[in-house]
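Written below as structure tokens is the structure these notes are about.
All figures in this text were calculated on a predicted structure; none of them were measured in a lab.
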Amino acid sequence: MVEAVECSQFLSQTPLYITSLSAIKDRLNAYQETISRYFSQYHIHYAMKANSALPLLQHLCQWGSSIEIVSVGELNRALTAGFHPTDIAFSGVGKTQKEIDKALEVEVGYIHAEHMEELWYLLDHTQDKSSCITIRLNPSAEVETHPYLKTGALDSKFGILFEHIQQGFQDKLKHLSPSEKHKYLIPLRGIHIHLGSQLQNPNVYEYVMEECRKLYDFLKSEGAVITHINLGGGLEVKETGVPHDHSDIKNYIEFLSKTFKKYFSEEITLHLEPGRSLVASSSILLTKVLYKKENDAQHKFIYVDAGMNDFPRPSLYHAKHAYVLIPSDLTQMSDKETTYSIVGPVCESGDVLHPKAQLKDSVCPGDSIIFLDVGAYCRSMASFYNLRPIPAEVFCYQGKLLSSLPAHYAAENE
Ligand code: LLP
């Protein structure tokens with residue numbers, strides 16, 4: 001069951017993502033309620049890349065979330081979902097000029113500059129626009145997470161180093177008088193930092209906030225008026241999923257706000273961009289067992305009808321997602337368990353969805369395996385590799401199925 005919706009009705013439609021919007025609403029509420037206890041003004045921009053499905057975005061928009069995007073494709077999707085341009089924050093380490101111009105044309109609320117050249121281009125073109133420009137700082141902060149998920153360390157391609165910002169201002173603005181500088185820097189209103197994803201230790205924010213303050217002081221001395229600090233996303237979701245009482249969000253926000261307030265006054269607004277922590281635990285992936293093979297006692301495989309193209313996190317990051325076996329015939333279920341690799345149909349040896357799953361010996365074709373906590377970066381990173389269609393996703397809300405298979409998924413799969 002997802003909400004009150006019986007999942008056995010979908011057994012003929014596997015592989016299939018099933019998402020509970022009510023669960024996502026609870027997570028957003030937890031963010032909103034907790035932040036509002038510490039800050040009179042704040043913005044939560046959901047990081048669309050985690051799951052960009054339209055029904056999800058439409059609901060988040062209705063529930064008062066803002067949104068973070070990284071491409072014109074995501075910009076168009078955000079506008080289609082109903083987000084007002086002022087509630088859109090545009091990140092992206094390699095935005096093309098066409099993308100920047102489109103964002104400026106619709107006057108998105110915030111554009112994060114990741115290069116000095118991009119910053120000058122944005123400042124040159126926002127003098128008569130409402131968009132706020134932010135500088136993404138690379139604070140050279142090492143974090144504990146998978147190497148692919150670090151974005152704020154010295155070896156990272158994201159953000160700009162403090163020294164380079166200083167040098168850039170020196171080179172570019174040295175001929176301007178203080179009042180000319182102030183006028184030119186009016187659109188520059190924020191500092192952005194995103195340290196990475198699945199961050200295991202929030203203590204790093206102590207150091208990062210200090211770096212933020214250093215940049216804030218520098219920008220102020222140059223004549224810029226900074227009104228908000230955006231700390232990105234990154235809250236970890238463990239293999240066991242998110243806690244029912246949302247204590248992870250509560251502890252995280254409490255810690256962030258304490259650290260934030262050591263360095264910044266009430267007038268500075270906090271912006272966050274949570275992705276995974278909002279949506280990860282709200283979806284399951286329903287798959288069907290196709291075959292079983294035992295090469296020898298140590299090498300046993302269960303083949304399901306979802307592969308790395310449908311569910312890429314295990315093969316990309318060796319991510320572990322919990323799983324549940326649903327036998328097709330309960331009377332045949334054995335007591336004994338064996339270790340199997342759950343693998344997919346894709347023509348790659350790395351197409352492994354779980355390397356060491358403990359499954360009942362009796363597992364057989366026709367059974368189902370459900371992967372849990374797959375709401376973030378799973379379907380949104382699915383590909384057509386091997387010309388396999390992207391799996392569909394259905395949504396439940398308030399105990400009901402929203403629609404069996406939305407038309408746009410069929411269209412995407414053609
Ligand atoms: N803000 C920015 C600028 C980001 O780049 C990201 C994620 C977020 C916010 C949201 O971070 P979250 O709260 O979801 O950790 N595909 C990887 C994750 C890539 C994250 C990319 N950026 C995975 O499956 O683990």
Side-chain angles (χ1 to χ4, degrees), residues 31 35 38-39 41-47 49-50 66-70 89-95 109-116 118-119 122 132-145 148-166 168-169 188-220 224-236 252-253 255-265 268-277:
Y31 263 108
I35 300 187
Y38 299 98
F39 295 90
Q41 282 193 68
Y42 62 88
H43 284 274
I44 298 171
H45 298 266
Y46 163 62
K49 59 184 89 66
S66 299
I67 191 129
E68 183 258 355
I69 58 159
V70 289
F90 192 7
S91 311
V93 71
K95 304 180 200 78
Y110 310 89
I111 307 179
H112 306 321
E114 300 244 13
H115 307 272
M116 291 312 285
E118 188 187 10
L119 176 67
L122 286 167
C132 300
I133 308 308
T134 57
I135 293 190
R136 178 162 178 181
L137 175 67
N138 177 335
S140 296
E142 264 307 328
V143 290
E144 293 166 39
T145 186
Y148 290 1
L149 306 186
K150 291 182 188 180
T151 54
L154 186 61
D155 62 359
S156 167
K157 67 174 179 172
F158 296 95
I160 316 172
L161 296 173
F162 178 67
E163 313 82 270
H164 293 170
I165 298 173
Q166 265 184 322
F169 271 68
L188 177 59
R189 303 280 282 284
I191 297 173
H192 179 232
I193 286 185
H194 171 71
L195 300 178
S197 219
Q198 290 288 59
L199 303 180
Q200 289 158 29
N201 189 348
N203 291 337
V204 63
Y205 283 103
E206 297 273 7
Y207 158 75
V208 163
M209 222 66 93
E210 205 177 313
E211 292 301 293
C212 237
R213 178 71 208 203
K214 206 162 87 184
L215 178 57
Y216 174 90
D217 289 338
F218 169 73
L219 296 174
K220 195 170 163 192
V225 180
I226 297 301
T227 58
H228 68 272
I229 308 283
N230 186 326
L231 295 180
L235 179 59
E236 183 188 23
Y252 172 65
I253 298 297
F255 181 83
L256 275 192
S257 68
K258 272 196 198 138
T259 320
F260 190 88
K261 284 177 183 184
K262 274 196 221 161
Y263 295 94
F264 295 104
S265 68
I268 305 293
T269 308
L270 173 68
H271 290 210
L272 292 180
E273 298 173 339
R276 186 189 323 266
S277 56

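Every residue two or more places apart in sequence or in another chain that forms a side chain to side chain contact (heavy atoms under 4.5 Å, CB included) with E144 is listed here: Q200, N201. In terms of the side-chain hydrogen bond (donor to acceptor under 3.5 Å, both in side chains) criterion, residue partners of K262 (sequence neighbours excluded) are, by chain and number, E206. With sequence neighbours excluded, the residues satisfying side chain to side chain contact (heavy atoms under 4.5 Å, CB included) with T151 are R136, S156, F158, H194.
Note that the CG atom of L122 and the CD atom of E118 stand 5.5 Å from one another [nearest 0.5 Å]. The distance from atom CD1 of I111 to atom CD1 of I135, rounded to the nearest 0.5 Å, is 13.5 Å. Here N230 contributes atom CG and L270 contributes atom CG; the two are 8.0 Å apart, rounded to the nearest 0.5 Å. Separating the CD atom in E210 from the OG1 atom in T259 is a distance of 11.5 Å, to the nearest 0.5 Å.
Annotation: cation-pi geometry satisfied between K261 and F39 (NZ/CZ under 6.0 angstrom from ring centroid, within 45° of ring axis). Judged by a 6.0 Å distance limit and a 45° cone about the ring axis, K95 is positioned over the six-membered ring of F90.
Defined by atom type and a distance below 3.5 Å, a donor-acceptor pair is missing between the side-chain atoms of Q198 and T145. Side-chain contact, R189 with T134: no donor N or O sits under 3.5 Å from an acceptor N or O. Side-chain contact, Y31 with S277: a donor N or O sits under 3.5 Å from an acceptor N or O.
With hydrogens and angles ignored, the 3.5 Å screen pairs no side-chain donor or acceptor of E211 with any backbone N or O of P139. A donor-acceptor pair under 3.5 Å is absent between the side-chain atoms of H112 and the main chain of G159, judged by distance alone.
No more than 12 heavy atoms of other residues, nucleotides or ligands lie within 6.0 Å of CD in Q41, so this atom counts as exposed by the packing criterion.
Between L161 and L137, the shortest heavy-atom contact is C-CD1, 4.5 Å. Closest non-hydrogen pair, K157 versus V93, comes out as O-CG2, 3.4 Å. Nearest approach of A141 to L195, heavy atoms of both residues: CB-CD2, 4.1 Å. Contact detail for E114 and I160: the closest heavy-atom pair is O-CG1, 3.3 Å. When all heavy atoms of L231 and M209 are compared, the pair lying nearest together is CD1-CE, 3.7 Å.
The side-chain heavy atoms of Y42 and L272, taken from C-beta on, include no pair separated by under 4.5 Å. Inter-residue side-chain proximity for Y263 and I229 is flagged as unmet; no heavy-atom pair is nearer than 4.5 Å.
No option in K214, R213, K220 other than R213 meets the side chain to side chain donor-acceptor pair (under 3.5 Å) test with D217.
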Verdict with reasoning, F218 to F169, per ring-ring contact (aromatic ring centres under 6.0 Å, His included): CA-CA 10 Å; F218 169 73; F169 271 68; 5.5 Å; yes
Verdict with reasoning, H271 to Y110, per ring-ring contact (aromatic ring centres under 6.0 Å, His included): CA-CA 11 Å; H271 290 210; Y110 310 89; 5.0 Å; yes
Full working for side chain to side chain contact (heavy atoms under 4.5 Å, CB included) between I35 and L256: CA-CA 10 Å; I35 300 187; L256 275 192; over 6 Å; no
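Ring centers of Y205 and F255: at least 6.0 Å apart, outside the cut-off.
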